[in-house]
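Only one structure is covered here, and it is reproduced in the block below.
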Amino acid sequence: MNRVDDKNYRERVYEIVRQIPSGRVMTYGQIAEILGEGYTPRTVGYVMHGAAENVPWQRVINSQGACSTGKMTMPVNLQQGMLESEGVAFNEKGNCDLNVYLWFPEGFEPDDDTQPSLLG
DNA sequence: AACTTGACGAGGG
DNA sequence: CCCCTCGCCAAGT
């Protein structure tokens, strides 16, 4: 499927998100990048807001390392709090260090040495 | 069928 | 470093 004809496109996003381990995060753009095809960060975000309960939506943040939930469906501090409970540290600006917490699924490697070092 | 909005991202000022 | 603009794709009105 190279197109969004099946409406199965949602599950592709969810499937990736479900694989994010606790204490790690992914960005909308990154997911869109993996899905490639006709996905964009916008689309991923749109799909994400309708995520089912079995999807750890809180582990998906924006490229700035901050929560973008705004005041729409969920308060930002809620998502941030959930992540903090998983061990993700945020600064005063509400950003976390993507170099530490960003997670890459198997088969997907960043060109840079942006791979997370993970404190342990 | 067209316009607007939205859990985004990158670039320019 | 903060603010604004443009690009992207899907859904609601």
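Lettering of chains follows the sequences in order, A, B, ..., and the numbering in each one begins at 1.
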What is the separation between atom [atom1] on [X] and atom [atom2] on [N], rounded to the nearest whole Å?
X     : N      : atom1 : atom2 : answer
A:I61 : B:dG9  : CD1   : P     : 9 Å
A:H49 : C:dG12 : NE2   : C1'   : 10 Å
A:E92 : C:dC2  : CD    : P     : 12 Å
A:Q64 : B:dG9  : CD    : P     : 7 Å
A:N77 : B:dA7  : CG    : P     : 16 Å
A:M48 : C:dA11 : CE    : P     : 16 Å
A:L35 : C:dA10 : CG    : P     : 12 Å
A:Y39 : B:dG9  : OH    : P     : 17 Å

Which of the following nucleotides, [options], is nearest to the side chain of [X]?
X     : options               : value
A:Y9  : B:dG9, C:dA10, B:dA7  : C:dA10
A:S68 : C:dA11, B:dA7, B:dA10 : B:dA7
A:Q79 : C:dA11, B:dA7, C:dC9  : B:dA7

Item to check | Presence of A:T43 side-chain N/O under 4.0 Å of C:dA10 phosphate oxygens OP1/OP2 | outcome: no
Next on the checklist: Taking A:R59's backbone N and O only, do any of them form a donor-acceptor pair with A:E86's side chain (distance below 3.5 Å, no angle check)?
Outcome noted: no
Next on the checklist: I'd like to know if the side chain of A:S85 reaches the main chain of A:G81, judged simply by a donor and an acceptor atom lying under 3.5 Å from each other, with no hydrogens or angles considered.
Outcome noted: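 It does hold such a pair.
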Checklist outcome for this item: Between the CD1 atom in A:I20 and the CD1 atom in A:I31, the distance rounded to the nearest 0.5 Å is 5.0 Å
Item to check | Residue mapping more 5' on DNA chain C - nearest nucleotide basis, A:R42 or A:Y46 | outcome: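 Its nearest nucleotide lies further toward 5', so the answer is A:R42.
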Checklist entry - With a 3.5 Å cut-off and just heavy-atom distances, do the side chain of A:Y28 and the base of B:dA7 make a donor-acceptor pair? => result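 Yes.
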Checklist entry - What are the two closest non-hydrogen atoms of A:Y9 and A:V47, and how far apart are they? => result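 Nearest heavy atoms, A:Y9 then A:V47: CE1-CG2, 3.2 Å.
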Checklist entry - If we ignore angles and hydrogens, is there a donor and acceptor under 3.5 Å between the side chains of A:Q19 and A:E106? => result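 A:E106 and A:Q19 do not have a side-chain donor-acceptor pair below 3.5 Å.
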